[in-house]
2 protein chains.
Amino acid sequence: MNNTTLAKELDLNPATVLEMVRKLAVKKLVQILSDKSIRLTEKGEKKALLIIRKHRLWEVFLTEKLQYNWNEVHVLAEQLEHIESVDLVDRLDAFLKFPTVDPHGDPIPDKNGNLKIKTTISLDKALIKKNYTIVNLADTNDIFLQYLGELKIKPGIKLKLLNRNEYDATVSVIISKKTLQLSNKVAKNILLELVN
Amino acid sequence: MNNTTLAKELDLNPATVLEMVRKLAVKKLVQILSDKSIRLTEKGEKKALLIIRKHRLWEVFLTEKLQYNWNEVHVLAEQLEHIESVDLVDRLDAFLKFPTVDPHGDPIPDKNGNLKIKTTISLDKALIKKNYTIVNLADTNDIFLQYLGELKIKPGIKLKLLNRNEYDATVSVIISKKTLQLSNKVAKNILLELVN
DNA sequence: ATTTTTTATTTGGTTAACCAAATTTTTAAA
DNA sequence: TTTAAAAATTTGGTTAACCAAATAAAAAAT
C-alpha cells in the first residue's frame with residue numbers, strides 16, 4: 001500500500017495521509033518499509049481486526065435485531081464501530097449468540113483478533129451438479145446487493161449448480177426449488193462453500 | 001443558566017463556553033437573554049430531547065439486552081447517543097417494545113421529543129400505610145445506586161410505607177414481603193407513584 | 001542515460017476546539 | 001454610592017486535522 005493510493009481511497013490529501021501514517025508509525029501501528037510502502041505491524045493488525053470485529057457484530061445486530069437490510073448496515077456500523085468498550089463488544093457477541101459471519105458472509109474475528117477464513121469458490125467456477133452454501137459476496141455494490149436481495153440470494157442460502165452455458169458462461173442454479181439464470185458477472189461475485 | 005456555572009459543569013474554560021454558546025446562538029439552538037443568561041430555544045430543546053431519547057433508549061438496551069447493571073450504563077450511553085440516525089433510534093425503540101422509562105426510571109421522550117412526566121413523591125414525604133411503585137431515583141451517586149442494588153430497590157418495584165420514625169425520620173417499608181429500614185437521606189432520593 | 005511521469009515530502013496556510021491571563025462589565029455589599 | 005467580588009468578555013496563544021502548491025525523489029519510458 002502506498003501513500004497516494006491511500007489518499008485516494010480515504011479521499012484525503014497525500015500530505016494529510018503522510019502526517020497520519022507517521023503518527024501511526026510512532027504508535028507502532030504501521031511500519032514504513034524501505035521502499036516507502038506502508039503496512040500494518042502486528043499490533044496494528046490486531047487493532048484493525050478488533051475494529052472489524054466490532055463493525056461486523058454491529059452489522060449482525062442491525063440486520064437481525066433491528067430488521068435492517070444487509071445492504072443498509074455498513075454506514076451505520078461505521079459509526080457504531082467507534083464505540084469504545086471491549087466489554088460491550090463481548091456482550092454484544094454473546095447477545096447475538098456468537099455469530100461467525102456478518103450479514104455479507106464475512107467472518108467475524110474472535111476477541112483475540114483471530115479469524116478463520118473459509119476456502120470458497122465463486123459460483124462461476126463451481127462444479128456442475130454439486131450442492132453449495134453461499135458464504136459470501138465479493139462485490140459490495142448496492143445495485144448488485146439489491147438485485148440479489150430480490151432473488152432472495154444471501155449468505156447461508158443453499159444452491160445447486162445445474163449447468164454452465166458454453167457461449168456466455170451464464171449459470172443455471174436451483175435455489176429453494178426454483179431454477180434461476182445468473183450471468184457470469186453475477187456468478188463471479190457469489191462465493192460458495194461445498195456442502196460435504 | 002449562566003456561563004460560569006456551565007463552564008464548571010462541563011469542566012471547560014468560560015472562554016470556551018462563551019464561544020460555543022455563541023455558535024449555538026447562531027444556529028438558533030440557544031437564546032442569550034438580556035441579562036446574559038442562556039436558555040434553549042424551542043428548536044434547541046427539541047434537539048436536546050431527541051438526544052435524551054437516544055441516550056435513554058440505549059440505556060434500556062444495555063440493561064435489558066446486554067445484562068448491564070443500571071448503574072453502569074450511563075457512560076456507554078453517552079457514546080451511543082452520538083450515533084446519528086433517526087431511523088436507527090426508532091427501530092431500537094420498537095425492538096425494545098417502546099419502553100416509557102429508562103433503567104433509572106426517567107421518562108423516554110417520544111419521536112417528536114415529547115415526554116410525559118409523572119408526578120412523584122419522595123419516600124420521605126409519602127403517606128403511611130399506602131402502596132407505592134418506585135418510579136425514579138433522585139441521586140445518581142454510584143454508592144447510593146449500588147446500595148439500592150444490594151437491596152433490590154429499583155424503578156418498578158412496589159413498596160408499602162409502614163411508619164416514619166419521629167426522631168430521625170428513618171422509614172420502615174415493606175418491599176417484596178420484607179421489612180426494611182431506610183434512612184431519611186436515602187428516602188429523600190427514592191421517588192414514588194401512588195398505586196391507585 | 002536522459003527525460004517524463006508519478007509519488008513523496010516539505011512548506012506555509014486554515015479551521016475548530018480548546019486554554020490562561022488580562023480586562024471589562026455586572027452584581028452585591030458595605 | 002463607592003468598593004469589592006463575581007461573571008463576562010477579549011486577547012493572544014496551542015494543538016490536531018486538514019489542505020494546496022512547491023519541491024524533491026523515485027520509477028518508468030524513451
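Per chain, numbering begins at 1; letters A, B, ... match sequence-line order.
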Legend entry - Presence of salt bridge, A:Arg53 and A:Asp90, under 4.0 angstrom: yes
Legend entry - The single option from B:Leu115, B:Asp93, B:Leu96, B:Leu57 passing side chain to side chain contact (heavy atoms under 4.5 Å, CB included) against B:Ile108: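 So, applying the side chain to side chain contact (heavy atoms under 4.5 Å, CB included) to B:Ile108 and each of B:Leu115, B:Asp93, B:Leu96, B:Leu57, only B:Leu57 qualifies.
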Inset, instruction - Decide whether B:Ser85 and B:Asp87 meet the rule of one side-chain donor and one side-chain acceptor closer than 3.5 Å. - result: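 The criterion, which ignores hydrogens and geometry beyond distance, is not satisfied for B:Asp87 and B:Ser85.
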Legend entry - Any side-chain donor near an acceptor of the partner, A:Asn163 and A:Ser172, under 3.5 Å: yes
Legend entry - Geometric cation-pi criterion A:Lys65 and A:Phe95, 6.0 Å radius, 45° cone: yes
Inset, instruction - In whole angstrom, give the distance that lies between atom CG of A:Leu6 and atom C1' of C:dT6. - result: 16 Å
Legend entry - Base versus backbone protein contacts along nucleotides 7-20 of chain C [heavy-atom cut-off under 4.0 Å; B, S, -]: SSBB-----SBBBB
